[in-house]
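This one's a predicted model, so the numbers in the text were calculated from it and none came from an experiment.
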Amino acid sequence: MAVKIDRKITGYAVVKPDDKPVEGAAVPRETVAAELPKADVIQMHERIERPDVLIGSTYKIKSPLVEHAMYVTINDIVLNAGSEHEQRRPFEIFINSKSMDHFQWIVALTRIMSAVFRKGGDVTFLVEEMKAVFDPKGGYFKAGGVYMPSLVAELGSIIEDHLKSIGMMHDPDMSAAQKALIAEKRKQYEERSKKNADVSSPSPAPAGEGARRADEGASASASHQEDIEVTGDGTSFPPSASMCHKCSTKALVLMDGCATCLNCGYSKCG
């Protein structure tokens with residue numbers, strides 16, 4: 001290593017390995033770094049052998065692009081167990097399904113991803129790369145109204161959820177103002193929907209027509225329920241909402257003549 005000398009040399013001497021250090025003499029930084037105590041921390045790298053038992057999670061993918069469901073299992077290795085440096089890191093991934101149509105690329109993809117996991121370091125780049133894969137035949141909406149451009153993109157979304165669960169990735173925190181804005185927009189939309197429902201409520205009818213209108217109302221609510229189920233289980237967004245290009249969620253509604261997202265707060269009017 002080259003050392004820059006910024007003052008005049010008054011004398012010099014050759015230091016041999018057997019010589020004892022002179023009191024007050026400068027000690028090389030390499031020697032000081034070698035003498036400092038180091039924490040016994042195990043880092044993730046490809047030389048770590050697979051333990052007999054690994055902990056993991058299994059995720060289910062039900063896509064309209066494949067006939068049968070796919071089950072994604074991600075196993076983690078625990079590093080520095082029982083210490084303050086304990087952490088979980090992904091170690092291997094498997095995908096199982098009854099459908100054999102995609103067997104070749106699934107096996108190839110899982111082996112490559114497992115090799116990347118065992119290499120260690122920052123493996124979060126896999127999420128961005130996989131979610132940017134688009135199917136030329138078109139994507140689909142999964143449960144909750146979130147748009148998936150391809151099956152590989154949904155695999156990337158599952159890896160993202162898993163990395164978040166073990167602490168390798170974190171959701172960007174929304175500001176208090178943005179959360180308040182989203183809550184206000186949802187409340188306004190709910191109030192407007194209630195007013196529209198009250199206005200469109202049927203007027204009192206003779207007894208002969210009561211049963212017929214009741215049957216029509218029951219079938220109308222049944223069809224409305226079917227529309228909500230198409231949007232996805234557990235969704236809180238109206239079935240008529242369109243997709244927001246910012247958060248890729250089917251939560252964009254028209255409010256006061258302006259397209260507004262009830263999921264992320266995006267507004268076309270600013």
Any chain of hydrophobic side-chain contacts (each under 4.5 Å) joining [X] to [Y]?
X      : Y      : value
Leu126 : Val133 : yes
Ile158 : Phe125 : yes
Trp105 : Met130 : yes
Met100 : Val152 : no

query: side chain to side chain contact (heavy atoms under 4.5 Å, CB included) with Val123: which of Met113, Met44, Arg89, Met168?
result: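 For Val123, the side chain to side chain contact (heavy atoms under 4.5 Å, CB included) test succeeds with only one of Met113, Met44, Arg89, Met168, which is Met168.
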message: Name the residue from Ile77, Leu163, Ile159, Leu54 that meets the side chain to side chain contact (heavy atoms under 4.5 Å, CB included) definition with Pro90.
response: Leu163
Heavy atoms only: give me the nearest [X]-[Y] pair and the separation to one decimal.
X      : Y      : result
Asp135 : Lys137 : OD1-N, 2.9 Å
Val253 : Ala241 : CG1-CB, 3.9 Å
Gly138 : Tyr147 : C-OH, 4.4 Å
Asn80  : His85  : ND2-O, 3.3 Å

message: If you count every heavy atom of other residues, nucleotides or ligands that lies below 6.0 Å from Arg50 atom CZ, does the total exceed 12?
response: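 Counting neighbours around CZ of Arg50, more than 12 heavy atoms of other residues, nucleotides or ligands fall under 6.0 Å, so yes.
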Trace of the side-chain contact (heavy atoms from CB on, under 4.5 Å) decision for Asn96 with Thr73: CA-CA 8 Å; Asn96 187 28; Thr73 300; over 6 Å; no
- prompt: With sequence neighbours excluded, what pairs up with Arg88 under the salt bridge (charged side-chain N to carboxylate O under 4.0 Å, His left out) test?
  reply: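 So Arg88 forms a salt bridge (charged side-chain N to carboxylate O under 4.0 Å, His left out) with Asp76.
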Separation between [atom1] of [X] and [atom2] of [Y], rounded to the nearest 0.5 Å:
X      : Y      : atom1 : atom2 : value
Glu154 : Lys142 : CD    : NZ    : 5.0 Å
Gln43  : Gln87  : CD    : CD    : 7.0 Å
Leu151 : Met70  : CG    : CE    : 5.0 Å
Ile106 : Leu155 : CD1   : CG    : 7.5 Å

Under a 3.5 Å distance rule, please check whether [X] uses its side chain to pair with a backbone N or O of [Y] as donor and acceptor.
X      : Y     : result
Tyr140 : Ser63 : no
Ser99  : Glu67 : no
Glu86  : Gly82 : yes

message: Within the structure provided, determine whether Ile95 and Ile61 are in side-chain contact (heavy-atom separation under 4.5 Å).
response: no
message: Does any part of the side chain of Ser97, heavy atoms only, come nearer than 4.5 Å to the side chain of His102, both counted from C-beta?
response: no
task: Please lay out, stage by stage, how His162 and Val72 fare under the test side-chain contact (heavy atoms from CB on, under 4.5 Å).
output: CA-CA 11 Å; His162 185 78; Val72 183; over 6 Å; no
Can you give the donor-acceptor pairs under 3.5 Å from side chains of residues 114-122 to other protein atoms, not counting sequence neighbours?
{"from": "Ser114", "atom 1": "OG", "to": "Ile93", "atom 2": "N", "distance (Å)": "3.1"}
{"from": "Ser114", "atom 1": "OG", "to": "Thr110", "atom 2": "O", "distance (Å)": "2.8"}
{"from": "Arg118", "atom 1": "NE", "to": "Phe91", "atom 2": "O", "distance (Å)": "3.3"}
{"from": "Arg118", "atom 1": "NH2", "to": "Glu92", "atom 2": "OE1", "distance (Å)": "2.9"}
{"from": "Lys119", "atom 1": "NZ", "to": "Glu46", "atom 2": "OE2", "distance (Å)": "3.2"}
{"from": "Asp122", "atom 1": "OD1", "to": "Thr124", "atom 2": "N", "distance (Å)": "3.2"}
{"from": "Asp122", "atom 1": "OD1", "to": "Thr124", "atom 2": "OG1", "distance (Å)": "2.5"}
{"from": "Asp122", "atom 1": "OD2", "to": "Thr124", "atom 2": "OG1", "distance (Å)": "3.4"}

message: Would Ile48 and Leu79 count as a side-chain contact (heavy atoms from CB on, under 4.5 Å) here? Give the steps.
response: CA-CA 10 Å; Ile48 293 182; Leu79 303 176; 4.0 Å; yes
